[in-house]
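Following: one structure in C-alpha cells, then a few remarks.
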Amino acid sequence: MKHQIFLSKWIKTSIVFLTVIMTFGLFGINQSTVFADAGGTVTVPQTVQLTDKITDEQYRNASASQLAEMVRSGQVTPQELVHHAFSVLAQDNPSLNAVIYTREQQALDEAGQLKDTGQPFYGVPLLVKGLMQLISGGPNTNGLLPLKGNTTSATLPITKAFQNAGFIVIGVTNFPEMGLINVTTSKLYGPASNPWNKDYNPGGSSGGAAASTADGMVPLAGGNDAGGSIRIPASWTGLIGLKPTQGIINGDSATPGAVNFAETKTMKDTNFLFNSLLDSGKADQVPEAPSNLKGMTIAYSTKSPVGTPVSSDAIQAVNNAVSFLKSQGFNMVEVDPPVDGVKLMQAYYLRATSSGSTASFIIKQKTKQDMTFDQVSPMTWALYQASKKLPQNSASIYNNELNLINQQMTAFHERYPLYLTPTTATTAPRNDDPAFLPEYVEQLKNSGNLDSSQQMQLIYDAWLHGLSKTPFTQLANLSGDPAISLPTYVSPEGMPLGIQFEAGKNQDRLLLKMGDLFENNGLFKELKHQSQIPTPSQSSSSQVPSTSSSTSLANSSDESSISSSNESQKPNLNDKNEAKKQPIMIYTLKKVYLYRHANFSRTNRLISYAKRTRVNRPMFKVVNYVRDDSGRLRYEVMDINSQSKTFGQHGYLTANSKYVQPVYYQNKPAEVRVISKNGLNEYRRQNLSGKVKHDRRGTVLKIKGIKISHLTTRFILQNGHFISANKKIVISIK
C-alpha cells in the first residue's frame with residue numbers, strides 16, 4: 001500500500017511539473033571567420049554583405065543574429081524570412097523528417113504584427129520542440145501513437161519566452177516517444193535523419209531540432225535536456241549544445257530534470273539566447289566569467305563512467321582539445337570519472353519509471369482503455385511494469401543518490417572549475433541501428449512477470465546498447481550542473497563529434513566563454529564549413545539541382561569544358577583518403593565564373609571574377625564537393641574575399657586546376673619569398689601566436705617543414721619559427 005501511495009504521489013508530482021510528464025528523457029531529453037595573412041590574420045566581417053534581397057542559401061547560412069540585423073536594416077522583412085524558411089523546409093524536410101508540424105499562415109500573421117522593441121532575434125524564424133515547448137494549435141502527443149492528432153490550446157512559458165526574444169515560431173520538431181532515448185524515432189513520427197549523412201540519426205531527444213538547425217531550415221531551434229537531449233544531438237550534428245544550470249531558465253523547475261534551451265550554431269547566438277531566456281530573478285546568481293582564464297585547472301577524462309568502450313574518435317576529439325588548451329595556458333589534469341556511473345544510471349532508471357506510468361495514465365485518459373505493449377516502445381512498456389512494483393523506499397534511494405552526486409560534484413568543482421569529456425562516446429548511429437537489441441524486446445514485453453530488482457536490472461541491460469554511445473551527459477542532469485557541447489571534431493568518415501565541458505552550478509557564463517575561445521580560434525567544425533563528400537546513397541540529382549536552361553558542357557566555351565589530364569586526375573568522391581586531399585580554400589588563377597548550380601551554363605552564371613595579381617586574387621572557402629550530371633567535379637564555395645562587395649556569395653566553381661588552386665601549400669618547398677605588400681610575421685607557435693619578428697616583402701625564407709593546423713597549413717622555418725603557408729602571402733622559389 002505504501003509503495004502505491006508513493007507511486008501516486010510521484011505521478012501527481014509529475015503532472016504538476018511538466019519537466020517529468022513531458023520530457024523525462026534519458027537522453028534527450030559573432031563570431032568572425034579568421035584566415036592567416038601577412039600580419040597573422042585577416043578577420044572577415046561578421047555581418048554578411050548581401051544584395052537587396054537574400055536567397056534561400058544566404059538565409060540558410062546566416063546566423064540568427066545576422067538575420068535580425070538584416071530585418072532591422074530593412075534589407076529583409078520578417079515575412080520574407082518566414083517564406084525563406086518554408087522554402088528550405090519544403091526542399092529538405094521530406095528527406096530529413098525533422099519537422100512534424102508547421103504553422104505558415106499563423107507565422108506570417110505574427111510576423112506582420114511584430115513590433116521592434118529591441119528584441120535580440122527580431123523577426124527570426126524558429127522551430128520549437130514537440131516536448132515541453134508546446135504552442136497553441138500544435139501537437140501535444142508526447143510521441144505516443146494513441147495520442148495521434150492530439151493538440152493543445154496552450155502556449156507554454158518557454159515558447160512565449162522565445163517569442164518575447166523576437167522569434168517567429170514556424171513549426172514543431174520531431175522527437176522520440178516520451179523523450180526517452182538518445183535517437184529520434186517513434187511509432188508515431190518515424191525516424192529523423194542527419195543532414196551530414198541521411199543514413200544516420202541526428203540523436204535524441206532534440207533530434208528534429210538539431211537536424212533542422214544543422215540543415216539551415218532555421219538558424220537555431222528550441223530543445224530541452226533531461227539526460228543529454230540537447231548535447232547529444234549537438235555532438236552528432238556539429239552544433240553547440242548548452243544545457244544551462246537547473247532552474248535558471250524561465251519556466252524551468254529547480255528540481256533535477258529537464259532544462260530548456262536550444263540547438264545553436266554560433267556563440268553569439270548562444271550568448272544572446274542565454275541572456276534572453278535567463279529568469280530575471282536568477283540573474284544575480286549567474287556571475288560573469290573571469291576576465292582571464294589562463295592558469296585555470298581543467299580536469300579531463302575519456303573513460304566511460306559506466307565502463308563501456310569509448311571510440312578512438314571521441315578520444316582524439318578530447319586529446320585535440322587538451323593540446324589546444326595547454327597551448328592557451330590552461331593546466332590540464334587527467335582524472336577518473338568523479339562519480340560512480342553505474343549507480344548514477346540505476347538511480348536515473350528508477351526515476352524513469354515515472355515516464356512509463358505517465359504514458360499509461362495519459363493513454364487511458366485519451367482512449368479510455370489500458371495501454372498495450374504494441375502501442376508503445378518496449379522500454380516505455382517495461383518502465384510502466386516496473387513502476388507498479390517499486391519498493392517502498394524508492395524515493396529515498398533516488399534522493400540519497402542525488403544528494404551524494406551533488407556533494408561529490410560540488411567538491412570536484414572546487415578543485416576543478418571545468419570538467420572536459422567527449423560529449424558522446426561514438427559518432428551518430430545509423431537509422432537501422434535499433435535502440436534496443438532484438439534479444440531484449442521479448443524480455444521487456446514479459447517484464448511484468450519479474451520482481452522489482454529483476455525488472456530494474458533488465459531495464460539497465462536492455463538500455464546499455466544505447467547508453468554505451470552516450471554515457472557522459474547524464475551526470476550534469478542529476479547534479480544540476482551546466483554543461484556545453486562544442487563542435488570541434490569530424491571523423492575521417494565525415495561525421496561530427498562534440499566535446500563537453502561541465503562546470504559548477506551557475507557557472508554557465510564560464511562555459512560560454514570557453515565556447516568563445518574555441519570558436520575564436522577557428523576550431524568549430526559545423527556542417528556548412530565542412531568539405532562534405534556525397535555518399536553512395538545520395539544521388540547527384542539530390543545534391544545538384546538541374547536546370548532546364550543548361551547547355552551541353554561539352555560545347556561550353558568557359559573554364560568548365562576544358563579537357564586535360566587534370567580531368568582524369570579528379571578524386572574518387574567515395575574514397576575518403578582521396579577526398580581528404582582536396583582543398584578547404586581555393587583562389588583563382590584566371591577569369592572564372594561562379595554558378596548557381598553544379599551543372600554549368602551561361603544562364604546560371606552569378607558573377608565573374610577577373611584575372612588579378614597573385615596577392616589580390618579572389619579567395620573561396622570550399623563547403624562541399626559535388627559532381628555535375630556528367631560526372632565533373634565542382635567546388636561548392638563561399639566567397640571569402642573581404643574586399644569584395646559580393647562577400648558571402650554562395651555558388652559553384654570549376655575544380656579544374658588550370659583555373660583554381662588551393663590557397664595553402666600542400667607540399668614543402670625549399671625556399672619561399674614573401675610577396676604580400678604588408679610583409680609576413682614569424683611566430684613561436686603553430687597556431688600563429690607568440691609573434692617573434694616581421695619579414696618585409698621580398699624576404700627569402702628557408703623552409704624546414706610543413707604542418708597542418710586545423711584547416712590550414714603552416715611552414716616551419718629553419719630557425720624553428722612558424723609562418724602561414726598561404727600562397728597569397730608567400731611564393732615557392734625552389
Side-chain angles (χ1 to χ4, degrees), residues 33-38 41-42 44 57 61 494 522 525 527-534 543-544 558-562 564-567 569-571 573 578-598 600 605-628 632-644 646-667 669 672 675-676 706 708-715 724-732:
T33 306
V34 180
F35 304 99
D37 75 355
T41 60
V42 169
V44 178
E57 284 305 304
N61 288 319
K525 295 175 170 59
L527 180 58
K528 69 176 182 178
H529 299 309
Q530 294 309 303
S531 305
Q532 292 302 294
I533 310 303
Q543 298 236 359
V544 184
D558 66 16
E559 71 275 8
S560 65
S561 66
I562 293 189
S564 70
S565 59
N566 292 319
E567 290 297 315
Q569 295 171 4
K570 293 194 298 280
L573 294 186
E578 283 298 315
K580 285 164 65 177
K581 297 177 183 177
Q582 292 303 299
I584 295 296
M585 285 186 284
I586 57 175
Y587 72 137
T588 61
L589 303 177
K590 302 179 180 181
K591 179 180 178 179
V592 297
Y593 291 97
L594 186 70
Y595 293 85
R596 290 185 179 87
H597 306 305
F600 293 176
R605 289 174 180 169
L606 286 170
I607 191 172
S608 66
Y609 295 86
K611 180 179 179 180
R612 298 180 186 174
T613 59
R614 183 166 185 147
V615 294
N616 296 317
R617 286 171 181 164
M619 191 162 68
F620 303 86
K621 190 159 194 175
V622 179
V623 298
N624 202 354
Y625 306 127
V626 298
R627 299 277 188 181
D628 70 2
R632 290 182 174 84
L633 179 66
R634 308 299 192 200
Y635 292 143
E636 183 181 357
V637 299
M638 188 72 72
D639 180 355
I640 56 175
N641 178 16
S642 60
Q643 297 178 353
S644 170
T646 60
F647 171 74
Q649 182 72 56
H650 169 272
Y652 296 83
L653 286 177
T654 178
N656 191 300
S657 61
K658 289 188 176 182
Y659 287 85
V660 296
Q661 285 283 317
V663 168
Y664 288 89
Y665 282 96
Q666 297 175 314
N667 296 297
V672 296
I675 60 174
S676 170
I706 187 169
I708 301 298
S709 176
H710 314 315
L711 301 181
T712 56
T713 309
R714 313 299 190 205
F715 285 143
S724 171
N726 190 320
K727 293 181 181 179
K728 295 177 71 172
I729 302 170
V730 295
I731 184 171
S732 171

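Please read all numbers here as calculations on a predicted model, not as lab measurements.
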*Leu633 and Arg627: CA distance, side-chain angles, deciding distance, side chain to side chain contact (heavy atoms under 4.5 Å, CB included) verdict*: CA-CA 5 Å; Leu633 179 66; Arg627 299 277 188 181; 3.9 Å; yes
*Where do Phe600 and Thr654 land on the side chain to side chain contact (heavy atoms under 4.5 Å, CB included) test, with the steps shown first?*
CA-CA 9 Å; Phe600 293 176; Thr654 178; 4.1 Å; yes
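Two residues are said to be in side-chain contact when any heavy atoms from C-beta on lie closer than 4.5 Å; Lys658 and Leu589 fail this criterion. With a 4.5 Å cut-off on side-chain heavy atoms, Arg596 and Leu606 count as touching.
Here the straight-line distance linking atom NZ of Lys611 with atom NZ of Lys590 works out to 7.5 Å at 0.5 Å rounding. To the nearest 0.5 Å, atoms CD1 (Ile586) and CE (Met619) are separated by 11.0 Å. In this structure, CD1 on Ile675 lies 9.5 Å from NZ on Lys728, to the nearest 0.5 angstrom.
Arg617 and Arg612 get closest at one heavy-atom pair: NE-O, 3.2 Å. Taking both residues in full, the closest heavy atoms of Asn667 and Phe715 are given as O-CE2, 4.1 Å, listed atom of the first, atom of the second, then distance. Taking all atoms of both residues into account, the shortest heavy-atom contact from Val672 to Ser732 is CG1-CA, 4.1 Å. Shown here for Tyr665 and Lys727, the closest heavy-atom pair between the two residues is CE1-CG, 3.5 Å.
Between Tyr609 and the choices Tyr593, Phe620, Tyr587, the ring-ring contact (aromatic ring centres under 6.0 Å, His included) rule is met once, by Phe620.
The side-chain tip of Arg634 does not point at the ring of Tyr652 from less than 6.0 angstrom away and within 45° of straight on.
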